[in-house]
*Asks:* 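Below is the structure I would like to discuss, written out as structure tokens.
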Amino acid sequence: MTKEVSLEVDLGPLHLKNPIMPASGTFDIRCTLLNQKELNRLGAILPKSIAFQEREGNPGPRICETDCGLLNAVGVPSKGVEYFIKEELPLLKKANNTIIVSLMGNSIPDFCNLAGYLNENKEISALEINLSCPNLNNGILFGVNQDKLYELIFNIKKNTSKPIIAKLSPNVSDIREMALTAKNAGAQIITVANTLMGMAIDVDKQVFRLGNTMGGLSGPAIRPIVVRMIWEIAQSVDIPIIGVGGVYCAENAIEMLLAGASAVQIGSANFFNPHVMLEVIEGIEKYLIKKKYNSIQDIIGLMKN
Amino acid sequence: MTKEVSLEVDLGPLHLKNPIMPASGTFDIRCTLLNQKELNRLGAILPKSIAFQEREGNPGPRICETDCGLLNAVGVPSKGVEYFIKEELPLLKKANNTIIVSLMGNSIPDFCNLAGYLNENKEISALEINLSCPNLNNGILFGVNQDKLYELIFNIKKNTSKPIIAKLSPNVSDIREMALTAKNAGAQIITVANTLMGMAIDVDKQVFRLGNTMGGLSGPAIRPIVVRMIWEIAQSVDIPIIGVGGVYCAENAIEMLLAGASAVQIGSANFFNPHVMLEVIEGIEKYLIKKKYNSIQDIIGLMKN
Amino acid sequence: MKIENINIPLMISGNLIENINLNDNYYRMRIKAPQIARKAKPGQFVMLSMWKNKDPFLKRPFSFYGIESDSGTFDILYKEIGKGTQIMAKSKAGDLVELIGPLGNGFKIPENTNNIAVVARGIGIAALMPLILESKKRGIAIYAFLSAQTGNLLLCSNEINSISEKVFYTTDDGSKGAKGMVTNFLQNVLKEEVIDVVYVCGSKRLTKHIRNLQRKYNFLAFVSLEEHMACGIGACKGCVHKTNDGYKRVCKEGPIFPVEEVIFDD
Amino acid sequence: MKIENINIPLMISGNLIENINLNDNYYRMRIKAPQIARKAKPGQFVMLSMWKNKDPFLKRPFSFYGIESDSGTFDILYKEIGKGTQIMAKSKAGDLVELIGPLGNGFKIPENTNNIAVVARGIGIAALMPLILESKKRGIAIYAFLSAQTGNLLLCSNEINSISEKVFYTTDDGSKGAKGMVTNFLQNVLKEEVIDVVYVCGSKRLTKHIRNLQRKYNFLAFVSLEEHMACGIGACKGCVHKTNDGYKRVCKEGPIFPVEEVIFDD
Ligand SMILES: Cc1cc2nc3c(=O)[nH]c(=O)nc-3n(C[C@H](O)[C@H](O)[C@H](O)COP(=O)(O)OP(=O)(O)OC[C@H]3O[C@@H](n4cnc5c(N)ncnc54)[C@H](O)[C@@H]3O)c2cc1C
Ligand SMILES: Cc1cc2nc3c(=O)[nH]c(=O)nc-3n(C[C@H](O)[C@H](O)[C@H](O)COP(=O)(O)OP(=O)(O)OC[C@H]3O[C@@H](n4cnc5c(N)ncnc54)[C@H](O)[C@@H]3O)c2cc1C
Ligand SMILES: Cc1cc2nc3c(=O)[nH]c(=O)nc-3n(C[C@H](O)[C@H](O)[C@H](O)COP(=O)(O)O)c2cc1C
Ligand SMILES: Cc1cc2nc3c(=O)[nH]c(=O)nc-3n(C[C@H](O)[C@H](O)[C@H](O)COP(=O)(O)O)c2cc1C
Ligand code: FES
Ligand code: FES
């Protein structure tokens, strides 16, 4: 691999050596096929969302394959933030020097506590806020309600000096509004998107295929929807974007870069190909060389209206 | 095929001999591989949305395959309602005695004129309102704005005595609200759902794969999302549902019936298997017999919370 | 009652008889499907799939390259480029092929045609081959103008050589025939003699040249267009191409169009 | 530094050596993948795919049915049920198999084990077969309790017959062995003699019976569980089963669990 070409990207305050990282919940530093050197080649490492206190996650079945996709209702099993710092963070530190931590909470104070607790840890480069996971007590999701989203991000900001990445839910009619709201509330980066809500039924047994009735749809099936959302935000909101949804090869990641993403997360594709992130990094490099670009910056957001 | 089992369904005022019909825009009576007898076996026939006046549709490319899905930006080319009545309706009449006509307009008066114009035609059993297609002048889509949706359906109702089927857009955060709004405005039946907005980029040529930049995602990829929406509406709004999105075999259609749909439309699957609707009708029949049901009514909405 | 009843296409399973790698990414496939082979006409095509799962999702359109109604088989000449053709390239004799066809309108050869020119680039020759054979049968003189990236991609050149009045080659790298535009040769011929009909494959560049020559030398000219297709039978309105008379479906009103009707945006 | 460094699974391509239809929907596949075959232990499994497109999307888990470290091959005994196994059933010698493995914790055979019982239904025997062979090698007496829907689905019965102390059969239709629960035979044996360890395949019904017998006769018992898996390596938290100690990942903490730890909801 000739090193003529730069893959470095800046997402506001966050500098990455290349745009590729795992999507939260699809990568575990304690169970990876990548070795130390390979882990260090990733643009960042992003473990599964953590909660303040221990949670056990959803009952099984948690996984259901669909056509070119995957429904999951894992929930967010977590050993809590203390365990994370003691047992997981040291492993992450050795693996890569850009660590992004994904936060999950049931309430605004929950998120704020978590953000505050992690603020001291210099090894953490940014916080990604998982907006689509849990239900608030009143049943409104942060990711689909502008006011709640604003309030949440605004309050988290008060508890941390770290860059805030708002991971949006795609289950909305206008993703641009959500991105703008997150930005106005203080988020410096947007991740788009989490999973689309879906369901599958076993018609023979007449039972839901997921223990939690509904789950989140990920995988190649949703990529066209996410590419559209990336592009919509890129045309209207001035904020760096991390794209995620259905990427399984370099071409897919480049599609997101062209649409306006400055970085790309890879989720479900890790499951059938644990080497996919490395292959995508190489593939992007080859593409840039073939097309005679000097820097990845030259292709980010190339597709205009 | 033993006739021990009834496939008849009632959707409010609309009675069908079985629940299977084409999805609008994926079937053309003038170019079908089905013969007269086969056409008559369908639960209903539903041609492509028509507009009041002639429209040419979108520039090409209009079609782009995605992973387990299809993006289309056909738009609604139409020869106008007069042509439809003179040239197409007579063919439809001979093919099946339940004809549902899908309406498309750019404004509320547009839709109302169309509904009014068709009201005299006794051969038309119901009107399906395509809510997701065109932009209003102010850029708001009927399908993602409750107030506009209400106003539209409410006004169409004034111009027709035919049953109104509101075909909802899935590009919303809460499909239940949209279904309830449509019902409150006077719709007797809900079709869920139209396509999800998507985009694809040719990374080699660095051009949008669709002439219209964005398009609607259909096909197996989206089925889990639609099944979830059917189920959500069935749990909360008392209105008959027609499910549509990604059905390609009897099992898929039964999944929608179990989730709460009383009828099922088949769209993109017609393209790779022009016999799919007939196969699905047979497959549902076999399923009911195997499971020892007397009537399809026994499985509609079987999956409860 | 059904408007197109006369020529309603069939949906059937065919049997793969052989699948040969010609060179590079080019393959020839022979399919046994008597009902289709017997109805097929030059310029028509089939929608084909050799996959049961939903990725790839759609069938793929391929022109008839050879038609043998006696043996009930037809041939396809294809280039491996993506998901669908990759599966085809790996398929083996005995495999099932799901087919819809014959589709589209086919080439018109006007009565009293004395000579024709066929102009093709690369795989574009596939659709023109049965036209060449049919013309030969009718005693029509054939001028072939073939271009490709490089010499060994000038497909079927031996066969065409043996039945054509004259064959002109160009390659991008000059490895066979001349470099440059193959339509320059056509122009030279047109300067000398009358060509009754010119048939050109879907290449935009070639077609535009033909259109220009047509304005000057006034001959009949037909092009075989390609657009992405979902249904192949006219139902989805997905495969349109711009013409003087608005958008036309390539699968239904085409794939063969008079060159002067076709509009290429630029 | 990496916690599970010692036993890190491999991702490699294997070669399909043979693929044999045993009867009905049952197949046996031999795969050459020396790096995996050399590390594989009874009770472990691989994640496997033989498809490049995205439908099916995930790899599929299969237990080692035979392990030949010398020849660098392993066998899989599988039942054709859905998208993935349909592709496997159609595959031919020479095809590539994408593999991740060996995965999971494998069976424990405690020191000083004199005899074991294996209890399996249908395809459930696959995971137990290498355990039987390993036990035989160690001179441990084997009691096999096999059940199936019908006689010809009692897989590997000849092989098991030849190396077991005693084999008991039941079939649902009584076509071979007795009708009824195969665990009744086990109970009869347990009344007469001490069994050191009982191994049971993932059948919920059988496992529950074993748990009941275990309460009465107090033996070690292990079950090989199955859950839908996305990653197979512990990363996705998708494959959990309820245990006394909360949700456990079948791919990582299992697939082999002590019977008394497993909780089946009803
Ligand atoms: C009427 C007609 C006749 C044709 N005849 C031949 C022939 O004889 N030999 C031959 O090699 N090719 C022919 N083509 C082109 C052929 O259909 C495509 O090469 C093929 O569909 C590519 O499929 P893929 O899955 O390998 O590629 P992918 O790029 O993976 O396909 C993705 C999608 O794009 C479509 N697509 C890609 N390229 C084309 C194209 N050039 N035209 C139309 N759709 C395309 C595919 O059908 C599919 O829907 C013809 C096309 C048309 C419309
Ligand atoms: C640890 C382990 C070992 C296994 N060993 C064997 C074996 O040796 N022989 C054998 O025939 N089968 C075995 N299975 C079951 C085997 O994985 C499934 O039969 C197979 O995945 C079905 O795939 P499919 O595409 O044909 O079915 P589909 O129904 O199309 O699969 C759809 C999805 O459901 C999953 N799935 C379906 N059934 C099962 C199941 N029983 N267990 C886990 N996931 C399932 C698939 O992996 C896939 O993700 C084992 C399962 C596990 C977890
Ligand atoms: C098994 C699984 C677990 C996930 N867990 C989380 C999570 O804990 N937090 C989160 O923000 N997203 C989670 N996601 C969503 C992914 O991060 C990602 O947004 C989504 O899967 C789309 O990307 P993909 O198509 O590449 O998988 C999870 C996804 C999967 C499949
Ligand atoms: C090519 C194409 C054209 C369509 N045209 C229309 C239309 O005119 N009116 C409409 O309401 N829906 C239209 N649709 C949407 C379908 O009716 C259907 O809602 C959607 O395709 C999802 O179903 P499917 O996954 O079975 O295709 C069209 C879909 C496709 C693929
Ligand atoms: S491909 Fe559907 S109309 Fe031509
Ligand atoms: S399959 Fe992913 S954790 Fe077990």
Side-chain angles (χ1 to χ4, degrees), chain B residues 22 25-36 39 47-48 54-78 87-88 90-91 93-95 209-211 215 218-221 223 246 248-249 267-276, chain C residues 1-5 7-13 47-61 81-84 98-101 103-104 225-243 245-254 262-265:
Chain B
T26 65
F27 175 86
D28 188 331
I29 188 74
R30 290 156 301 184
C31 336
T32 171
L33 265 51
L34 305 185
N35 63 33
Q36 207 56 21
L39 289 169
K48 183 161 179 70
E54 189 162 351
R55 299 162 46 98
E56 65 174 350
N58 291 330
R62 288 180 172 182
I63 289 286
C64 162
E65 192 190 68
T66 66
D67 298 296
C68 290
L70 174 62
L71 281 170
N72 92 79
V74 169
V76 179
S78 173
E87 303 292 335
E88 201 168 339
L91 298 176
K93 261 169 62 181
K94 282 193 200 138
R209 286 194 188 270
L210 292 174
S218 62
R223 197 179 57 257
Y248 60 81
C249 63
S268 315
N270 287 305
F271 301 150
F272 65 85
N273 179 6
H275 290 166
V276 64
Chain C
M1 189 269 345
K2 212 170 312 109
I3 290 180
E4 281 105 357
N5 235 346
N7 217 347
I8 198 169
L10 300 162
M11 176 180 161
I12 51 170
S13 297
M47 295 291 286
L48 163 169
S49 68
M50 308 194 67
W51 38 90
K52 268 185 64 180
N53 292 322
K54 297 300 164 270
D55 179 30
F57 182 50
L58 300 169
K59 287 187 153 57
R60 304 296 194 243
I81 59 161
K83 282 180 180 178
E98 300 298 329
L99 298 163
I100 303 175
L103 298 165
L225 292 181
E226 291 187 7
E227 287 291 340
H228 287 214
M229 294 183 172
C231 70
I233 62 172
C236 77
K237 329 298 172 207
C239 63
V240 294
H241 198 284
K242 216 178 197 173
T243 73
D245 189 25
Y247 293 123
K248 291 271 163 90
R249 293 168 296 185
V250 169
C251 73
K252 191 76 189 174
E253 283 87 38
V262 173
I263 297 173
F264 290 105
D265 290 326

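Numbers restart at 1 for each chain; the letters A, B, ... are given by sequence-line order, proteins then strands.
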*Asks:* Using non-hydrogen atoms and a 4.5 Å limit, figure out which bit of B/Asn58 sits close to chain C: side chain, backbone, both or neither.
*Replies:* backbone
*Asks:* Counting only non-hydrogen atoms closer than 4.5 Å, does C/Ile100 touch chain B with its backbone (N, CA, C, O), its side chain (CB onward), both, or neither?
*Replies:* side chain
*Asks:* Examine whether an atom of B/Pro47 lies under 4.5 Å from a heavy atom of chain C, and if so say whether it belongs to the side chain, the backbone or both; otherwise answer neither.
*Replies:* neither
*Asks:* Could you have a look at C/Cys239, C/Gly234, C/Ser49, C/Gly246 and say which one has the most heavy-atom pairs with chain B under 4.5 angstrom?
*Replies:* C/Gly234
*Asks:* Are any of the side-chain heavy atoms of B/Pro77 and C/Tyr247 separated by less than 4.5 Å?
*Replies:* no
*Asks:* The criterion is side chain to side chain donor-acceptor pair (under 3.5 Å); which residues satisfy it with C/Glu227, sequence neighbours excluded?
*Replies:* none
*Asks:* Please determine, among C/Met229, C/Met11, C/Lys59, C/His228, the option with the most heavy-atom pairs under 4.5 Å with chain B.
*Replies:* C/Met11
*Asks:* Check the pair C/Arg60, B/Glu65 against side-chain contact (heavy atoms from CB on, under 4.5 Å), reporting the backbone distance first and the verdict last.
*Replies:* CA-CA 11 Å; C/Arg60 304 296 194 243; B/Glu65 192 190 68; 2.8 Å; yes
*Asks:* For the interface with chain C, which of B/Leu70, B/Thr66, B/Asn270 has the highest count of heavy-atom pairs at distances below 4.5 Å?
*Replies:* B/Leu70
*Asks:* Using the test salt bridge (charged side-chain N to carboxylate O under 4.0 Å, His left out), find all partners of C/Lys237 that sit at least two apart in sequence or belong to another chain.
*Replies:* B/Asp28
*Asks:* Locate the shortest heavy-atom distance separating C/Ala235 from B/Cys31; write the atom from each residue and the value.
*Replies:* CB-O, 4.1 Å
*Asks:* Nearest 0.5 Å, please: how far is SG in C/Cys231 from CG in B/Leu33?
*Replies:* 10.0 Å
*Asks:* With rounding to the nearest 0.5 Å, note down the distance linking CZ in B/Phe272 to CD in C/Glu98.
*Replies:* 11.0 Å
*Asks:* Does the side chain of C/Lys83 come within less than 4.5 Å of B/Asp67's, by heavy atoms?
*Replies:* yes
*Asks:* Give me the atom names and distance for the closest heavy-atom approach of C/Ala230 to B/Ile63.
*Replies:* CB-CD1, 3.9 Å
*Asks:* Please flag which part of B/Asn72 lies under 4.5 Å from any non-hydrogen atom of chain C: side chain, backbone, both or neither.
*Replies:* neither
*Asks:* Just verifying a value: how many Å separate C/Asn53 CG and B/Cys68 SG, rounded to the nearest 0.5 Å?
*Replies:* 8.0 Å
*Asks:* As an exercise, state the distance from CZ of B/Arg62 to CZ of C/Arg249, rounded to the nearest 0.5 Å.
*Replies:* 10.0 Å
